[in-house]
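Here's the structure, in structure tokens; my notes come after.
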Number of protein chains: 2
Amino acid sequence: MKIGEIAKRTGLKIETVRFYEAEGLVSPPLRSGGNYRLYDRSHLDRLSFIKRSRDLGFSLDQVRALLRLADDPQESCAEADTIAAVHIAEIDRKLADLTALRAEIAHWGGTCTVGTVAECRVIDALSH
Amino acid sequence: MKIGEIAKRTGLKIETVRFYEAEGLVSPPLRSGGNYRLYDRSHLDRLSFIKRSRDLGFSLDQVRALLRLADDPQESCAEADTIAAVHIAEIDRKLADLTALRAEIAHWGGTCTVGTVAECRVIDALSH
DNA sequence: CTTGACCCTCTAGTAGGATGAGGGTTCATA
DNA sequence: TATGAACCCTCATCCTACTAGAGGGTCAAG
């Protein structure tokens, strides 16, 4: 299949598929006579794996490591577990940060649409 | 005061202070005979405002808009309210995303440190 | 033979800085 | 007077993970 179809099937953009190839995350596919990339099932699997990992918030470096592991089924699962655990910890930290942020901004009280900036709670909160 | 001191007082890095100047968020300060930047109280206030806004997650473009408003106290508060409301909505969206993510990853079950990649729940979940 | 959909490479841009090279300044101390 | 440490300067390059655009080639249908 050509790049447009694999993009549609994986949910990636065409440019992103090419980008992943340039980054070495997928091997360069064969080319047609007209120099078009021709993908097969294994590319589809690999790109889907990447897409899914990215959707779950793993960084490209983490994806790289996960792919390396997935490529070698004899390898121990420990490293994959560690990557997942680190990622969960990151998510929890971000959740805590955002929750605190939301609380702080919400604490400013409702809107104050009627007044001028001079009495604006938003500007005031940022100034001190 | 020189850039090192204002950086320490605002909690910004020296490079970031210079970056904000290059971006037009703060006006260029006076220079000493030796070409050092010399800041005064107004710079300190402005940079603190920026730092606080950034810490609360506003983008530099949002900060720019907030600064413009803060500079003109006669202006209506409505725009500042809108910026804050948009930001809260963004935070809520991110919170929802991260919560869903966390649930999905947690759903993989605990770790599987003992096995090989072939039976690894992490790799398996990413493959399908 | 042309039109439109698709594909190619290469370059540059995005946010918000971080890092480093290669220098100049200031001030206290030897 | 020299010198060393701490501070400052500009300019260029790098980071993540793409995205957009220029300028062109390919292919099938009508």
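Labels below follow one simple rule: chain letters A, B, ... track the order of the sequence lines, proteins then strands, and each chain is numbered from 1.
Comparing C/dG17, C/dT26, C/dT9 against the side chain of B/L60 picks out C/dG17 as the nearest. In this structure, of C/dG17, C/dT26, D/dC9, it is D/dC9 that holds the atom nearest to the side chain of B/R18. Considering only side-chain atoms of B/S59, the nucleotide from D/dA17, C/dG16, D/dG25 that sits closest is C/dG16. Checked against C/dT9, D/dG25, D/dC9, the side chain of A/R37 finds its nearest nucleotide in C/dT9. Here the side chain of A/R31 is nearest to one of D/dC8, C/dT9, C/dG16, namely C/dT9.
No donor-acceptor pair under 3.5 Å is formed between the side chain of A/R102 and the backbone N or O of A/A106. Remark: side-chain polar atoms of A/R52 are paired, donor with acceptor, to backbone N or O of B/A125 under 3.5 angstrom. For the pair A/E119 (side chain) and A/T116 (backbone), a donor-acceptor distance under 3.5 Å is present.
Residue B/R64 is the one, among B/R64 and B/G34, whose nearest nucleotide of DNA chain C lies closer to the 5' end (criterion: closest heavy atom). Residue whose closest nucleotide on DNA chain C sits further toward the 5' end, between B/D61 and B/E15: B/D61.
In this structure, NZ of B/K2 is placed 18 Å from P of C/dG24, rounded to the nearest angstrom. Atom CD1 of A/I14 and atom C1' of D/dT19 are 13 Å apart (whole Å). In this structure, A/N35 places its CG atom 11 Å from P of C/dC10, rounding to the nearest Å.
Side-chain N/O atoms of A/K13 include none lying less than 4.0 angstrom from OP1 or OP2 on D/dA17. Close to D/dC18, at under 4.0 Å from its OP1 or OP2, lies a side-chain N or O of A/Y20. Between C/dG16 and B/T16, no contact under 4.0 Å exists linking OP1 or OP2 to a side-chain N or O.
More than 12 heavy atoms of other residues, nucleotides or ligands sit less than 6.0 Å from atom CZ of A/R31.
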- side-chain hydrogen bond (donor to acceptor under 3.5 Å, both in side chains) between A/D61 and A/S59, intermediate numbers included: CA-CA 5 Å; A/D61 268 352; A/S59 72; 5.6 Å; no
- Message: Assess the residue pair B/R9 and B/M1 against the criterion (side-chain contact (heavy atoms from CB on, under 4.5 Å)); give the C-alpha distance rounded to whole Å, side-chain angles, the decisive distance to 0.1 Å, and a yes or no.
- Response: CA-CA 10 Å; B/R9 287 219 217 174; B/M1 75 200 93; 4.1 Å; yes
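Checked for salt-bridge contact, B/E23 and B/R18 miss the test: no charged N lies under 4.0 Å from a carboxylate O.
Remark: the B/Y36 side chain and the D/dC7 base include a donor-acceptor N/O pair separated by less than 3.5 Å.
Rounded to 10°, the helix from C/dC1-D/dG30 to C/dA30-D/dT1 has 30° between the axis fitted to its first five pairs and the one fitted to its last five.
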